[in-house]
Amino acid sequence: MSPQPAPAPLLIACALGIEQFALRAGGRGGAGGPVTVLRTGMGPRAAERSVTRVLADPALAGAAVLATGFCAGLAPGMHPGDLVVAEETRDPAGTVPCVGTDLLVKELVRTVPGRTVHTGPLTGSDHVVRGQERSDLLTTGAIAVDMESAATLLSAVRTGERPVAAVRVVVDAPEHELVRIGTLRGGISAFRVLRTVLPAFYEWHRSLLLPRR
């Protein structure tokens, strides 16, 4: 009997130490294969460098890549702690379609009950977005913005064909900008949500390992 191939690994990329801490606090139990949580550093250039370097490791050949962490919501009515599942990521360097969006939404609703999950395009920026710029990005159809997801996924698919996705937790929104009183409360809410999302990521990854019919 021939040995079964090793399951494809999962690379979860985030930018900040606090994001990495939240993900590690969520535990690793239930993963369908080897999992690496990568802290890329802040900004698109740091994300591009880190993801390209890590995916050059033969141990991560064919790895699924999921970008996560905090984001700024663009649409009115968004609140800190809401979840954003990207249908695609976009920035001036390119657009990358995401895989398994519907499954991620389903699993996040089950894993984090009571939290609103938004789906749509996730746009990239090289700086913190506020005020009118946030409104301008909303007119492009994007529902949220962060600094690393687009660069992460574009770097991932440039290194080889692989499934990619992005899930972000809203830390500020049009009515709850970072410069306002209440930022700390919003950050705590987003942290608590990010700490709970790993089971949904693992289910997404496991679904990719199932044989296609």
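We're numbering straight along the sequence, starting at 1.
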Are Leu23 and Met42 connected in the hydrophobic side-chain network, where two residues link if heavy atoms are under 4.5 Å apart?
yes
Would you kindly confirm whether Leu153 and Val35 end up in one hydrophobic cluster when ILVMFWY residues are joined by side chain heavy atoms under 4.5 Å apart?
no
Ignoring hydrogens, what is the shortest heavy-atom contact between Leu122 and Ala166? Give both atom names and the distance.
CD2-CB, 4.0 Å
With a 4.5 Å cut-off on side-chain heavy atoms, are Arg115 and Thr196 touching?
no
Beyond-backbone contact of His79 with Thr116, side-chain heavy atoms, under 4.5 angstrom:
no
Any sub-3.5 Å donor-acceptor pair from Arg134's side-chain atoms to Gly73's backbone N or O?
yes
I need the Leu11 CG to Leu66 CG distance, nearest 0.5 Å.
9.0 Å
When clusters are formed by joining ILVMFWY residues with side-chain heavy atoms under 4.5 Å apart, either directly or through shared neighbours, do Val96 and Leu208 land in the same one?
no
To check you understand the geometry: which heavy-atom pair defines the closest contact between Thr52 and Ser155, and what is its length?
OG1-CB, 3.8 Å
Between atom OG1 of Thr152 and atom CD1 of Ile12, what is the distance when rounded to the nearest 0.5 Å?
12.5 Å
I'd like to check Leu154 versus Thr89 (side-chain heavy atoms, cut-off strictly below 4.5 Å). Are they in contact?
no
Which atom of Ser125 lies closest to which atom of Pro44, heavy atoms considered
O-CD, 3.9 Å
Please step through side chain to side chain contact (heavy atoms under 4.5 Å, CB included) for the pair Leu108 and Val197, ending with a clear verdict.
CA-CA 7 Å; Leu108 287 166; Val197 295; 3.9 Å; yes
Using residues 99-107 as the side-chain source, report each donor-acceptor pair under 3.5 Å to any protein atom, sequence neighbours left out, with the distance given to one decimal.
from: Thr101; atom 1: OG1; to: Ala86; atom 2: O; distance (Å): 3.2
from: Glu107; atom 1: OE1; to: Arg110; atom 2: NE; distance (Å): 3.1
from: Glu107; atom 1: OE1; to: Arg110; atom 2: NH2; distance (Å): 2.6

Can you tell me if Glu19 uses its side chain to pair, donor with acceptor, with the backbone of Phe70 under 3.5 Å?
yes
Begin from the C-alpha positions of Arg90 and Thr140 and carry the test side chain to side chain contact (heavy atoms under 4.5 Å, CB included) through to its verdict.
CA-CA 11 Å; Arg90 53 168 77 154; Thr140 70; 3.8 Å; yes
Shortest non-hydrogen pair, Phe191 vs Ala22, comes out as CE1-CB, 3.4 Å
Could you grab the distance from atom NE2 of His205 to atom CG of Leu198, nearest 0.5 Å is fine?
13.0 Å
What's the shortest heavy-atom distance between Gly81 and Val193, and which atoms?
O-CG2, 3.6 Å
Supply the atom-to-atom distance Leu60 CG to Leu55 CG, rounded to the nearest 0.5 angstrom.
6.0 Å
Here the pair of heavy atoms bringing Ala8 nearest to Gly62 is CB-O, 4.1 Å
Is Leu194 reachable from Val112 through a run of hydrophobic residues whose side-chain heavy atoms are each under 4.5 Å from the next?
yes
Sub-3.5 Å donor-acceptor pair from the side chain of Thr68 to the main-chain atoms of Val167, do we have one?
yes
Are Pro9 and Thr36 side-chain neighbours, meaning at least one heavy-atom pair lies under 4.5 Å?
no
4.5 Å side-chain heavy-atom contact, Leu83 and Val169
yes
Looking at residues at least two apart in the chain, or sitting in another chain, which of them share a salt bridge (charged side-chain N to carboxylate O under 4.0 Å, His left out) with Arg39?
none
Is there a side-chain contact between Leu138 and Pro76 in this structure, where contact means two heavy atoms from C-beta onward sitting under 4.5 Å apart?
yes
Step-by-step side chain to side chain contact (heavy atoms under 4.5 Å, CB included) determination, Glu133 to Val145
CA-CA 11 Å; Glu133 190 175 8; Val145 57; over 6 Å; no
Examine distances only and state if a side-chain atom of Glu148 and a backbone atom of Gly43 form a donor-acceptor pair shorter than 3.5 Å.
yes
From Ile143 CD1 over to Met78 CE, what is the distance, rounded to the nearest 0.5 angstrom?
4.5 Å
State plainly whether one hydrophobic cluster holds both Val51 and Val37, where clusters connect Ile, Leu, Val, Met, Phe, Trp and Tyr through side-chain heavy atoms under 4.5 angstrom apart.
no
Among residues two or more places apart or on two chains, list those pairs meeting side chain to side chain donor-acceptor pair (under 3.5 Å) that have a residue in residues 158-171.
Asp146-Arg168, Ser149-Arg168, Thr159-Arg162
With rounding to the nearest 0.5 angstrom, report the OG1 to CG distance, Thr40 to Leu16.
8.0 Å
